[in-house]
Amino acid sequence: MSLPFLLMKEKDELVAPPEHMQEIACPILIEVKGVQEKIPLEEYILGVVAAEMPITFHEEALKAQSIAARTYVLRETDYGEKAISKTVQKQVYIGKDERKKKWGASFESYEAKLEKVVKATAGEIIVYNDELITAMFFSTSNGLTESAENYSGNVIPYLVSVPSKEEEQYSPKVNQQFEFTQKEWASTFGLKWSDQIIQTFQVTNTDSNRVESLQMNGKTWTGREVRTLLGLPSTDFDIRFDTDRVVVETIGYGHGVGMSQYGAEVLANDSVGSKDILLHYYTGTKIKSLSSCLKSSSIANNSN
């Protein structure tokens with residue numbers, strides 16, 4: 001990847017939430033696979049936000065990322081009972097030494113900004129019907145987010161398609177183009193090139209304008225399968241057959257479900273607070289402020 005931060009999030013596991021809030025050990029320590037010592041929850045959030053969102057983003061966008069990351073890890077680890085990997089399939093995490101290397105001469109100012117942001121959201125999580133949500137997020141939308149139903153076939157009421165401002169299109173990877181030879185295209189799909197591929201080619205889109213399925217030579221692939229096979233950044237893609245090549249143009253970056261990070265940045269720059277950013281992307285949810293041990297909770301105001 002050419003950017004100095006990770007943009008794509010692929011959280012395919014949309015698991016059912018825990019049935020009830022259990023007794024939690026205090027303090028909560030997060031076990032990260034590949035990291036020797038367990039990490040206090042809020043310190044872990046520092047490392048996730050630093051890895052997952054540009055530190056130059058607006059503080060309100062960074063706060064939204066902090067709350068989403070905290071919600072995700074608490075649900076994924078059952079409040080610290082299970083380990084979590086530090087990959088894009090879960091949440092990327094970088095420690096203090098890695099942050100120093102990443103930010104160089106700007107480390108002290110960036111670290112101070114990061115600590116301020118995470119401290120301002122300490123203990124805050126996103127819930128739906130009093131249960132932690134699966135707080136999926138991704139880099140850049142095509143103007144709409146994708147629903148969990150279209151993405152995975154699972155209906156999740158707080159992960160539905162919502163508008164995401166067109167201004168987020170300043171993202172450096174919003175529009176990309178990829179080219180394949182006819183032989184490369186056919187072999188990728190286990191086919192032999194012939195005019196039959198063009199003649200039988202058909203695409204079906206979701207209501208968020210992402211590819212639901214693609215058909216060629218009597219075979220069908222889902223948009224997600226095509227994205228993986230071709231290494232595309234998004235399932236919003238347009239395919240054009242030229243004389244001797246196949247051209248694919250994509251819009252957006254990431255799976256499209258949940259919070260758009262660049263959309264959050266646009267909203268923050270439009271004076272939208274972090275909690276309202278989250279309530280926009282996670283439909284029908286609430287922000288809860290929990291005690292340090294996460295044993296008791298009270299509803300927080302839904303605006304900053």
Side-chain angles (χ1 to χ4, degrees), residues 1-14 87-89 92 136-154 159 161-258 260-263:
M1 296 177 64
S2 60
L3 295 183
F5 48 87
L6 295 170
L7 296 171
M8 189 188 305
K9 292 303 300 177
E10 293 298 347
K11 296 185 176 64
D12 295 340
E13 300 179 26
L14 302 179
T87 66
V88 294
Q89 284 71 38
V92 183
M136 297 177 74
F137 54 89
F138 63 101
S139 169
T140 310
S141 83
N142 62 355
L144 293 167
T145 66
E146 181 66 288
S147 68
E149 181 177 11
N150 285 341
Y151 177 72
S152 66
N154 298 320
L159 293 177
S161 181
V162 299
S164 197
K165 285 199 167 187
E166 291 182 2
E167 289 87 346
E168 72 171 289
Q169 303 303 305
Y170 74 85
S171 166
K173 288 198 172 183
V174 64
N175 294 300
Q176 297 187 71
Q177 180 172 296
F178 304 84
E179 295 185 4
F180 305 89
T181 66
Q182 293 175 342
K183 183 178 180 180
E184 287 172 338
W185 178 267
S187 63
T188 296
F189 293 94
L191 304 173
K192 184 176 181 180
W193 181 264
S194 72
D195 290 342
Q196 184 79 358
I197 288 178
I198 300 176
Q199 294 166 0
T200 60
F201 180 80
Q202 187 174 351
V203 170
T204 302
N205 289 334
T206 68
D207 51 12
S208 69
N209 205 38
R210 293 172 173 84
V211 173
E212 181 176 17
S213 64
L214 181 154
Q215 295 180 345
M216 293 182 294
N217 279 23
K219 296 183 178 181
T220 302
W221 295 263
T222 67
R224 288 177 62 189
E225 289 172 335
V226 174
R227 180 190 173 197
T228 298
L229 287 169
L230 298 178
L232 303 177
S234 168
T235 54
D236 183 343
F237 53 82
D238 182 69
I239 298 169
R240 182 176 76 249
F241 293 98
D242 284 352
T243 303
D244 60 351
R245 60 181 180 160
V246 183
V247 180
V248 182
E249 296 180 343
T250 64
I251 301 176
Y253 199 93
H255 51 61
V257 184
S260 165
Q261 294 171 314
Y262 273 87

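Residues Phe237 and Gly223 share a closest heavy-atom pair of CE2-O, 4.1 Å. Taking each heavy atom of Ser141 and Ser260 in turn, the nearest pair found is N-OG, 3.7 Å. Closest of all the heavy-atom pairs between Glu212 and Thr206 is CB-CG2, 3.7 Å. Closest non-hydrogen pair, Val247 versus Glu179, comes out as CG2-CG, 4.2 Å. Scanning both residues, Leu144 and Asn142, for their nearest heavy atoms gives O-OD1, 2.9 Å. When all heavy atoms of Thr145 and Ser208 are compared, the pair lying nearest together is O-CB, 3.7 Å.
Between the side chain of Thr181 and the backbone N or O of Glu184, at least one donor-acceptor pair lies under 3.5 Å. A donor-acceptor contact shorter than 3.5 Å is absent between the side chain of Asn217 and the backbone of Lys219. Judged by distance alone, the side chain of Arg227 and the main-chain N or O of Thr235 form no donor-acceptor pair under 3.5 Å. Here the side chain of Ser234 pairs a donor or acceptor atom with the backbone of Ile251 at under 3.5 angstrom.
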*asked:* Evaluate Gln199 against Asp195 for side-chain hydrogen bond (donor to acceptor under 3.5 Å, both in side chains), listing each step before the verdict.
replied: CA-CA 6 Å; Gln199 294 166 0; Asp195 290 342; 5.0 Å; no
_Phe180 vs Arg245, side chain to side chain contact (heavy atoms under 4.5 Å, CB included): CA-CA, chis, key distance, verdict_ = CA-CA 6 Å; Phe180 305 89; Arg245 60 181 180 160; over 6 Å; no
*Pair Val248-Asp238, side chain to side chain contact (heavy atoms under 4.5 Å, CB included): steps then yes or no*: CA-CA 6 Å; Val248 182; Asp238 182 69; over 6 Å; no
_Please evaluate residues Phe178 and Leu230 with respect to the criterion side chain to side chain contact (heavy atoms under 4.5 Å, CB included), reporting the C-alpha separation (whole Å), side-chain torsions for both, the decisive distance (0.1 Å), and the verdict._
CA-CA 9 Å; Phe178 304 84; Leu230 298 178; over 6 Å; no
*Could you give me the CA-CA distance, side-chain angles and deciding distance for Leu159 and Asn154, then say whether side chain to side chain contact (heavy atoms under 4.5 Å, CB included) is met?*
CA-CA 10 Å; Leu159 293 177; Asn154 298 320; over 6 Å; no
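Note on ring orientation: taking the six-membered ring where Trp is involved, the planes of Phe138 and His255 are tilted (angle from 30° to 60°).
For the atom pair Leu232 CG and Glu249 CD, the distance stands at 12.0 Å (nearest 0.5 Å). Here Met136 contributes atom CE and Ser152 contributes atom OG; the two are 7.5 Å apart, rounded to the nearest 0.5 Å. To the nearest 0.5 Å, atom CZ of residue Arg210 and atom CG of residue Asn150 are 9.0 Å apart.
Residues Trp193 and Ile198 form a side-chain contact, since some pair of their non-hydrogen atoms from C-beta on lies under 4.5 Å apart. The shortest distance between side-chain heavy atoms of Thr222 and Ser213 does not fall below 4.5 Å. Residues Met216 and Trp221 are in side-chain contact: their nearest non-hydrogen atoms beyond the backbone lie under 4.5 Å apart. Under the 4.5 Å side-chain criterion, counting only non-hydrogen atoms from C-beta, Val174 is not in contact with Tyr262. Ile197 is listed as a side-chain neighbour of Leu191, based on a closest heavy-atom distance under 4.5 Å. Thr250 has its side chain out of reach of Asn175: every pair of non-hydrogen atoms, C-beta onward, lies at least 4.5 Å apart. Val92 places none of its side-chain heavy atoms less than 4.5 Å from the side chain of Thr87. Residues Val226 and Val211 form no side-chain contact, since every pair of their non-hydrogen atoms from C-beta on lies 4.5 Å or further apart.
Ion pairing between Asp242 and Arg240 holds under the 4.0 Å rule for side-chain N and carboxylate O.
Geometrically, Arg224 engages Tyr151 in a cation-pi contact, judged by NZ or CZ lying under 6.0 Å from the ring centre and within 45° of the ring axis.
Separation of the Phe241 and Phe201 ring centroids falls under the 6.0 Å cut-off.
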